[in-house]
Amino acid sequence: MEMIDQLRDGKTKAFAKHCFERYSPEELNAASEGVPDQDEMAHWEITAGQWEEAIAAALADHHSQG
């Protein structure tokens with residue numbers, strides 16, 4: 001999880017790890033092309049920017065393993 005480990009914000013990093021472990025690359029790719037999930041943002045107490053950063057990091061880490 002090289003990209004995730006580089007995230008500085010703790011909440012963003014925690015959400016990115018969750019995304020990496022829970023979602024497939026295809027699901028993350030679809031999420032990255034849509035709008036930030038309001039329910040996840042509220043649950044994780046993150047902003048839209050943090051949500052996007054976490055999704056991108058999780059997707060990048062999936063690709064680096066492929």
Side-chain angles (χ1 to χ4, degrees):
M1 290 190 282
E2 184 176 328
M3 292 301 292
I4 292 173
D5 289 340
Q6 291 181 21
L7 296 174
R8 296 175 192 257
D9 180 75
K11 289 181 181 180
T12 307
K13 186 182 286 190
F15 178 60
K17 286 182 180 179
H18 163 79
C19 291
F20 179 83
E21 293 168 357
R22 181 166 180 199
Y23 300 114
S24 70
E26 294 78 18
E27 290 171 313
L28 291 170
N29 195 45
S32 72
E33 294 175 357
V35 296
D37 186 293
Q38 297 296 317
D39 292 335
E40 286 184 330
M41 288 169 42
H43 176 79
W44 289 89
E45 299 178 349
I46 56 175
T47 66
Q50 289 170 309
W51 185 91
E52 291 169 348
E53 186 178 17
I55 295 291
L59 185 58
D61 281 348
H62 268 297
H63 286 308
S64 72
Q65 289 188 344

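A quick note: this is a predicted structure, and the numbers were derived from the prediction, not measured.
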Side-chain cluster (under 4.5 Å, hydrophobic types only) that Ile55 belongs to, other residues: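 Members alongside Ile55: Phe15, Tyr23, Leu28, Met41, Trp44, Ile46, Trp51, Leu59.
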His62 NE2 to Met3 CE distance, which is reported to the nearest 0.5 Å: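 His62 atom NE2 to Met3 atom CE measures 13.5 Å (nearest 0.5 Å).
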Rounded distance [0.5 Å steps], CD1 in Ile4 versus CG in Asp61: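 Between Ile4 CD1 and Asp61 CG, I get 4.5 Å after rounding to 0.5 Å.
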Closest heavy-atom pair and its distance - Ala58, Cys19: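 Looking at all heavy atoms of both residues, the shortest contact is CB-CB, 3.9 Å.
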Which donor-acceptor pairs under 3.5 Å do side chains of residues 30-38 form with protein atoms, sequence neighbours excluded?
unit_1	atom_1	unit_2	atom_2	d
Ser32	OG	Asn29	O	2.7
Asp37	OD1	Asp39	N	2.9
Asp37	OD1	Glu40	N	2.8

Salt bridge (charged side-chain N to carboxylate O under 4.0 Å, His left out) contacts in which one or both residues fall within residues 6-23, not counting sequence neighbours: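 Residue pairs passing salt bridge (charged side-chain N to carboxylate O under 4.0 Å, His left out), neighbours aside: Lys11-Glu45.
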